[in-house]
Amino acid sequence: SRQKMAAACGLRFAVGDKVIYTNPAGLKFRFSITGHYGPANPCSLYAQGARYLVNSNSPWLPVMESQLQPDEGPMLSH
């Protein structure tokens, strides 16, 4: 399964998983994982933990696993 393949690579999320992304300002957005980021050359984003591509307005910009959580239903506002 996709989840087993991601886990075998040391990743928590698989392509197609629904996630909630929290940006540096603390705002939350619903996205899907569209790919895993693995640059061919050394990269500061990868060194900082960016491993996932999501269907955001910047689909080429990888995000860190620490910024993601599983999307398990309706998001409640505070």
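Counting begins at 1 with the first residue of the sequence.
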Verify same cluster id: F13, V63 (apolar side-chain graph, 4.5 Å): yes
Counting only N and O atoms by type, is there a donor-acceptor contact under 3.5 Å from the side chain of Y21 to the main-chain atoms of F31? no
R51 CZ to R12 CZ distance, which is reported to the nearest 0.5 Å: 15.0 Å
Cluster overlap L61 with Y52, hydrophobic side-chain contacts below 4.5 Å: no
Following the transitive rule for hydrophobic clusters with a side-chain heavy-atom cut-off under 4.5 Å over Ile, Leu, Val, Met, Phe, Trp and Tyr, establish whether I33 and W60 coincide in one cluster. no
Which atom of P24 lies closest to which atom of Q67, heavy atoms considered: CD-NE2, 4.2 Å
Say whether L11 and Y46 are linked into one hydrophobic cluster, either directly or through other cluster members, by side-chain heavy-atom distances under 4.5 angstrom. no
Indicate yes or no for a side-chain donor-acceptor contact from N55 to the backbone of S32 under 3.5 Å, with no hydrogens or angles considered. yes
